[in-house]
Amino acid sequence: MKYLPHTSDDIQQMLDVIGVKSLDDLYAEVPEELKLTRPLNLPHAMSEVEVRRELQRLADKNKPLCIFAGAGAYDHYTPSVIPYITARSEFSTSYTPYQAEISQGTLQYIFEYQTLMARLTDMDVSNASMYDGATATAEAMMMCVAAAKKRNRVVISETFLPAVLDVVRTYAHFHGVDLVVLPAKDGVTDREALQTLLEADNVAGVIVPQPNRYGIIEDFTELADQCHAHKTLLAINTMAVALGTLQTPGGWGADIACGDAQSLGIPLSYGGPYIGYLCTTNALIRKMPGRLVGQTVDAEGNRCFVLTLQAREQHIRREKATSNICTAQGIMCLYVAAYLSLMGAKGLSEVAEQSYAAAHALVDALLQTGQFEMSFPERPYFCECTLRYKGAEGVKALRHRMAEAGFLFGVPAGDDDTLVTVCATEMRTPQEVERLIQALSNR
């Protein structure tokens with residue numbers, strides 16, 4: 001079976017054009033030990049129905065688990081109309097919208113996405129999205145340094161998820177940023193220790209999470225004033241769906257809002273692709289990386305969209321570019337725009353409230369088993385909560401046992417194998433919680 005469509009004639013014509021007599025001559029410079037001297041191990045040709053059966057056979061090996069875990073990836077419902085909308089050809093214009101006249105579909109939904117995210121975060125402007133929440137947080141750090149000019153120190157709270165901290169550390173290392181990780185105190189950002197660092201008057205920015213890695217809703221009252229008093233910018237990373245009910249970054253007085261927008265209707269998809277958001281004030285708009293779409297009118301007075309304030313290296317001199325990061329402005333950006341448009345403020349608030357209620361019902365049920373206790377009993381939490389497991393087997397063994405029973409139970413939250421962060425969203429039912437509790441009791 002020939003998988004390549006080229007005939008012998010086609011191949012010879014191509015060889016003639018490049019001045020080579022044969023395929024052996026074409027690959028003559030490749031060492032013999034690197035060449036495959038046997039036929040490719042390809043299966044026999046299959047009909048369409050046979051291919052479908054084979055793929056189904058492979059898919060059946062997966063064991064779907066009932067999800068009680070979060071840590072940056074959340075099981076929220078995707079309304080069925082969204083995949084339909086994202087498949088519409090009107091939006092399937094070029095991925096990279098250099099020529100506005102042939103990219104109106106892409107430019108329009110990016111513009112709508114920007115508008116919706118700016119409103120959601122209560123900030124002045126949003127860019128055309130980032131890869132994910134971790135890179136968006138790293139870019140927020142770079143914005144702080146770029147705006148400060150003579151300061152290159154950034155303070156980040158230890159209460160971020162470890163994976164986010166790792167990405168930010170990597171960015172800081174290769175960009176010469178002096179990154180200071182501020183230790184947590186009782187599960188939240190240590191404001192007194194932060195004040196000590198700020199008093200040196202050499203901090204460009206402070207970055208904090210909401211909710212944090214333990215699921216705790218932190219109180220950022222007067223944090224912006226605390227930072228601004230020392231000419232330091234404040235960036236707040238917020239779980240996007242939580243903005244349906246929690247205080248916005250803009251409401252806290254933040255200069256930059258960043259985070260992951262996966263919770264806005266994007267399926268888990270085994271870890272991606274996801275989408276990061278980055279919003280800021282008008283004062284920092286020229287320090288913001290990525291693309292920005294603006295609205296204007298064409299020669300006939302019709303509403304249209306264009307790229308504006310293009311600060312990417314593809315548009316201006318590399319040394320003047322704010323970033324060379326590419327955007328996630330394809331289907332993920334359209335997903336979020338469709339989700340927010342469909343849900344509206346009321347719908348998003350209901351999702352947040354139902355997730356809050358489901359998580360608290362889950363935690364109450366787990367505490368009643370006597371196998372768990374609250375790690376931070378006085379701290380409020382949203383849809384995740386960190387518990388201490390009192391069983392002798394440890395969290396690692398517990399999670400394995402729960403997986404065998406059909407549950408993805410929590411995410412380890414410490415090195416001592418006793419802390420676990422559990423999560424529930426609007427997708428979890430009382431019946432699923434009951435089955436989980438039964439599985440915990442079975443040995």
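Quick caveat, the model's predicted, so the values are computed rather than measured.
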Thr232 (side chain) donor-acceptor with Val203 (main chain) under 3.5 angstrom: yes
Closest non-hydrogen atom pair, Ala240 against Leu120: O-CD2, 4.1 Å
Geometric class of the Phe376/Tyr214 ring pair [parallel <30°, tilted 30-60°, perpendicular >60°]: tilted
Rounded distance (nearest 0.5 Å) linking atom CD of Gln247 with atom OG1 of Thr221: 8.5 Å
Check ion pair Arg388-Asp416 (N to O, under 4.0 angstrom): yes
CZ-CG distance between Arg53 and Leu55, expressed to the nearest 0.5 angstrom: 12.5 Å
Test item: Leu198 and Val206 side chains (from C-beta on) under 4.5 Å apart, heavy atoms: yes
Closest approach of Glu50 to Ala45 (non-hydrogen atoms, all atoms of both residues): OE1-O, 4.5 Å
Greater than 12 external heavy atoms within 6.0 Å of Asp415's CG: no
Closest heavy-atom pair and its distance - Gly176, Asn152: O-ND2, 2.9 Å
Within-4.5 Å side-chain heavy-atom neighbours: Leu367 and Met374: yes
Exam field: side chain Asp178 to backbone Arg153, donor-acceptor pair closer than 3.5 Å: no
Aromatic plane relationship, Tyr381 with His360 - under 30° parallel, 30 to 60° tilted, over 60° perpendicular: parallel
Enclosure of Glu222 CD (heavy-atom neighbours >12, cutoff 6.0 Å): no
Donor-acceptor pair, side chain of Ser157 and main chain of Thr159, under 3.5 angstrom: yes
Minimum heavy-atom distance between Ala413 and Arg213, given as atom pair plus value: O-NH2, 3.4 Å
CA sep, side-chain torsions, deciding dist, call: Val188, Arg379, side-chain contact (heavy atoms from CB on, under 4.5 Å): CA-CA 9 Å; Val188 297; Arg379 302 294 188 185; 3.5 Å; yes
Phe111 side, atom CZ; Gln295 side, atom CD - distance, nearest 0.5 Å: 4.0 Å
Check ion pair Asp75-Arg428 (N to O, under 4.0 angstrom): yes
Gap between atom CE of Met142 and atom OG1 of Thr137 - 0.5 Å precision: 13.5 Å
Residues Arg57 and Asp60 bridged, charged N to O under 4.0 Å: no
Neighbour count >12 (heavy atoms, 6.0 Å) for atom NZ, Lys150: no
Backbone of Tyr277 reached by a side-chain donor or acceptor of Asn127 within 3.5 Å: no
Parallel, tilted or perpendicular: rings of Tyr171 and His175 (30°, 60°): parallel
Asn442 side chain vs Gln438 backbone, donor-acceptor pair below 3.5 Å: yes
Arg399 and Pro412, any side-chain heavy atoms less than 4.5 Å apart: yes
Within-4.5 Å side-chain heavy-atom neighbours: Asp124 and Thr280: no
Residues Thr421, Thr386; criterion side chain to side chain donor-acceptor pair (under 3.5 Å); working and verdict: CA-CA 4 Å; Thr421 302; Thr386 300; 2.8 Å; yes
Leu387 and Val422, any side-chain heavy atoms less than 4.5 Å apart: yes
Backbone N/O of Ala345 and side chain of Ser349: donor-acceptor pair under 3.5 Å: no
Distance, nearest 0.5 Å, that separates CE of Met239 from CG of Asp260: 10.0 Å
Heavy atoms from other residues, nucleotides or ligands near NE2 of His228 exceed 12 (cutoff 6.0 Å): yes
Within 6.0 angstrom of Lys396 NZ, more than 12 heavy atoms from elsewhere: no
Ionic contact status for Glu404 with Arg401, cut-off 4.0 Å: no
Distance-minimising heavy-atom pair for Val336 and Ile266: CG2-CD1, 3.9 Å
Full working for side-chain contact (heavy atoms from CB on, under 4.5 Å) between Leu243 and Arg119: CA-CA 10 Å; Leu243 290 169; Arg119 290 177 179 174; over 6 Å; no
His76 vs Glu426, side chain to side chain donor-acceptor pair (under 3.5 Å): CA-CA, chis, key distance, verdict: CA-CA 7 Å; His76 288 285; Glu426 85 282 6; 2.6 Å; yes
Check: Leu284 and Asp255 side chains under 4.5 Å, non-hydrogen atoms: yes
Validation row: Phe407, Leu65 side chains within 4.5 angstrom (heavy atoms): no
Worked check of side-chain contact (heavy atoms from CB on, under 4.5 Å) between Tyr131 and Ile275: CA-CA 5 Å; Tyr131 282 135; Ile275 178 175; over 6 Å; no
Worked verdict on Ile217 versus Gln210 for side-chain contact (heavy atoms from CB on, under 4.5 Å): CA-CA 6 Å; Ile217 301 171; Gln210 181 74 303; 3.8 Å; yes
Side-chain donor/acceptor of Ser103 to backbone N/O of Thr106, under 3.5 Å: no
Intermediate values then yes/no, ring pair (Phe, Tyr, Trp, His ring centres under 6.0 Å), Phe409 and Phe68: CA-CA 5 Å; Phe409 182 72; Phe68 286 97; 7.3 Å; no
Test item: side-chain donor near acceptor, Thr189 and Glu218, under 3.5 Å: yes
Nearest-0.5 Å distance that lies between atom CG in Asp186 and atom OG in Ser375: 12.0 Å
Donor-acceptor contact present, side-chain Lys287 to main-chain Cys144, <3.5 Å: no
Backbone N/O of Ala184 and side chain of Glu158: donor-acceptor pair under 3.5 Å: yes
Reference residue Phe160; test side-chain contact (heavy atoms from CB on, under 4.5 Å); the match among Val168, Asn212, Ile207: Ile207
Heavy-atom closest pair, residues Ile110 and Val293: CG2-CG2, 3.3 Å
Check: Leu348 and Tyr339 side chains under 4.5 Å, non-hydrogen atoms: yes
Check: Thr369 side chain, Leu366 main-chain N or O, donor-acceptor pair, under 3.5 Å: yes
